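Structure first, commentary second.
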Amino acid sequence: MAAPAADSSSGGPVALQPAGDAGRPPLHMAALVLARGGSKGIPLKNIKLLAGVPLIGWVLRAALDSGVFQSVWVSTDHDEIEKVAKQFGAKVHRRSSEVSKDSSTSLDAIVEFLQYHDEVDVIGNIQATSPCLHPTDLTRVAKMIREDGFDSVFSVVRRHQFRWSEIKKGVSEVTVPQNLNPAKRPRRQDWDGELYENGSFYFAKRPLIEKGYLQGGKMAYYEMRAEHSVDIDVDIDWPIAEQRVLRYGYFGKEALKEVKLLVCTIDGCLTTGHIYVSGDEKEILSYDVRDATGIRLLQKRGVEVRLISERDCSSKTLSAMKLGCAAEINVADKLLVVEKWRKEMGLCWKEVAYLGNEESDVECLKKAGMSAVPADGCPAAQKATGYICKCNGGRGAIREFAEHIFLLMEKVNSAGKKLC
Ligand SMILES: CC(=O)N[C@H]1[C@H]([C@H](O)[C@H](O)CO)O[C@](OP(=O)(O)OC[C@H]2O[C@@H](n3ccc(N)nc3=O)[C@H](O)[C@@H]2O)(C(=O)O)C[C@@H]1O
């Protein structure tokens, strides 16, 4: 995967001492995700949900699970970002406004971080704008720094793109090819392509950074797989990144299992939570046909769907919905009921998916192999889940979660994973 580039002593900007004498304590390698509150395009981009996960969450998960960092940090100037960073298990450096401006560079923010953290020898600056990062990428780069003695390593991707010079009025009126011979245009398979910095990460040792460089000394690149190389630069990159991350992103240490049971809370998930009450005390609930379709699709693929509610809910009303789902109502402890169902069906928790929106759903959301909360679910529920829907409860959240489950199940199947 990784291939070393030329040593910069033959033309690079900085030459450093060789690293790592035996007997020296191991280098303290800190992951540092820069996440300022302001952003040029998308507001609060760094914590905007990408496929149900705050943007910084994707890379923090990979950094923490890689196990190669002595510490994992988010440098931010914003309270909300601080909260999200801590939820994911990162430490937070509250940075000054000086390095949080539109004009501030990453290097400015990294240098400031180092001024407050004497213990850190190596910075792995991981950019949240490349959310398809995997722990294995970080493990390999850490080895290049610790064992192979590189002072800096950054990520690149291979592209097969023909470059042409720019036409500038009064300077150059015609274009000329930059990396091809038009008389002999190579086919993709006959050309190795070129390496482009893709912005996923920049690892560098402290002395180099203190000299004002993120790249230098004994330098190498790390070539990322093209499908993992995603860079959210402008707004239109967002939906593409979302599709990419769903297919190729890192979803955590736990291996996914095929889902066999989806449990869905009735009020606020299947329904909007609004109840119309008539003078004769009859209740009218409404649900979305998109959600009924989602349930039918799940059932077709062999996923049993069951409904659960803390409240009383007429069995006649439920059967009138014609969803073909067993339901349990007046439930004081949802976890107990789902445990009972799970055991009856001989399933492990990883084979259970759960859609809930309330405090009473939190335990089940945490235990389920896949979980989701509608966009209008309560904050405690949102904190406990791996996927926050774009749709509200009773307005397509089940259909959306069903699609998410199908996508992840494709991943399970293509990885050839066995059931428990
Ligand atoms: C290491 C580095 O030089 N990173 C720069 C990268 C890099 O050159 C490209 O990704 C390469 O493809 O480009 C920029 O990238 P961008 O502005 O998207 O920033 C990448 C991530 O870093 C956060 N950031 C950046 C600078 C700063 N002072 N504080 C920050 O918190 C952003 O919020 C975002 O999450 C650019 O496009 O202008 C600016 C970045 O500073």
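Quick caveat: nothing in here was measured; it's all calculated off a predicted structure. Read the numbers this way: they start at 1 and go in the same order the structure lists the ligands and their atoms.
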**Among Ile56, Val84, Val74, Thr76, the one residue meeting side chain to side chain contact (heavy atoms under 4.5 Å, CB included) with Asn46** = Ile56
**Item:** Subset of ligand 1 atoms that lie under 4.0 Å from at least one heavy atom of Val99
**Value:** 28 (N)
**Request:** Assess Arg95 for proximity to ligand 1: is some non-hydrogen atom of it under 4.0 Å away?
**Result:** yes
**Asked** Any donor and acceptor pair, going by atom type alone, linking the side chain of Glu173 with main-chain N or O of Gly170 inside 3.5 Å?
**Response** yes
**Request:** For atom 36 (C) of ligand 1, grab the closest protein heavy atom and report residue, atom and distance to one decimal in Å.
**Result:** Lys40 NZ, 4.4 Å
**Request:** Answer yes or no for Asp108: is there a heavy-atom contact with ligand 1 below 4.0 Å?
**Result:** no
**Any donor-acceptor pair under 3.5 Å from Ser104 side chain to Lys101 backbone** = yes
**Message:** With a heavy-atom distance limit of 4.0 Å, tell me whether Leu214 approaches ligand 1 through its side chain, its backbone, both, or neither.
**Reply:** side chain
**Prompt:** Do Glu258 and Arg301 sit within salt-bridge range, that is, some charged N less than 4.0 Å from a carboxylate O?
**Reply:** no
**Quiz item: cation-pi between Arg187 and Trp191, 6.0 Å / 45°** = no
**Request:** Output the distance between atom CE (Met321) and atom CG (Leu270), rounded to the nearest 0.5 Å.
**Result:** 5.0 Å
**Item:** For atom 25 (C) of ligand 1, the protein heavy atom that lies nearest, with its residue and separation
**Value:** Ser106 OG, 3.8 Å
**Asked** At a non-hydrogen distance cut-off of under 4.0 Å, which region of Leu55 contacts ligand 1 (side chain, backbone, both, or neither)?
**Response** neither
**Message:** Using a 3.5 Å cut-off on N or O atoms only, is Lys101 in polar contact with ligand 1?
**Reply:** no
**Which of the ligand 1 atoms, numbered from 1, are nearer than 4.0 Å to a heavy atom of Asn46** = 33 (O), 34 (C), 35 (O)
**Validation row, ring centre Trp73 to ring centre Phe113 under 6.0 Å** = yes
**Complete:** For Gly199, the atoms of ligand 1 under 4.0 Å from one of its heavy atoms are 10 (O), 11 (C), 12 (O)
**Request:** Considering the heavy atoms of Asn125, write down every atom of ligand 1 situated less than 4.0 Å from one of them.
**Result:** 1 (C)
**Protein non-hydrogen atom below 4.0 angstrom of atom 13 (O) of ligand 1 present** = no
**Asked** At a 4.0 Å threshold, what atoms of ligand 1 neighbour a non-hydrogen atom of Thr105?
**Response** 28 (N)
**Item:** Protein heavy atom at shortest distance from atom 23 (C) of ligand 1
**Value:** Leu34 O, 3.4 Å
**Message:** Please work out, at 4.0 Å between heavy atoms, whether the side chain, the backbone, both, or neither of Thr76 comes within that distance of ligand 1.
**Reply:** neither
**Complete:** Residue, atom and distance of the protein heavy atom nearest atom 28 (N) of ligand 1 read Ser104 O, 3.1 Å
**Asked** What residue and atom, counting heavy atoms only, is the protein's closest point to atom 6 (C) of ligand 1, and at what distance?
**Response** Gln127 OE1, 3.6 Å
**Request:** Looking only at protein heavy atoms, identify the closest one to atom 7 (C) of ligand 1 and say how far it is in Å.
**Result:** Tyr202 OH, 3.7 Å
**Message:** I'd like to know if the side chain of Ser155 and the backbone of Ser200 have a donor-acceptor N/O pair within less than 3.5 Å.
**Reply:** yes
**Message:** List ligand 1 atoms under 4.0 Å from Asp231, heavy atoms only on the residue side.
**Reply:** 12 (O)
**Item:** Top protein contact for atom 16 (P) of ligand 1, by heavy-atom distance
**Value:** Lys45 NZ, 4.9 Å
**Asked** Can you find an N or O of Ala35 that's nearer than 3.5 Å to an N or O of ligand 1?
**Response** yes
**Item:** Donor-acceptor pair, side chain of Arg244 and main chain of Glu227, under 3.5 angstrom
**Value:** yes
**Prompt:** Any ion pair linking Lys340 and Glu328 (charged N to carboxylate O, less than 4.0 Å)?
**Reply:** yes
**Request:** Using atom types as modelled and distance alone, determine if a side-chain donor or acceptor of Ser371 lies under 3.5 Å from a backbone N or O of Lys367.
**Result:** no
**Message:** Just verifying a value: how many Å separate Glu210 CD and Lys205 NZ, rounded to the nearest 0.5 Å?
**Reply:** 14.0 Å
**Asked** Where is the nearest protein heavy atom to atom 37 (O) of ligand 1: which residue, which atom, and how far?
**Response** Asp233 OD1, 3.8 Å
**Message:** For Tyr387 and Phe401, take the angle between the two ring planes, folded into 0 to 90°, and tell me which bin it lands in: parallel under 30, tilted 30 to 60, perpendicular over 60.
**Reply:** parallel
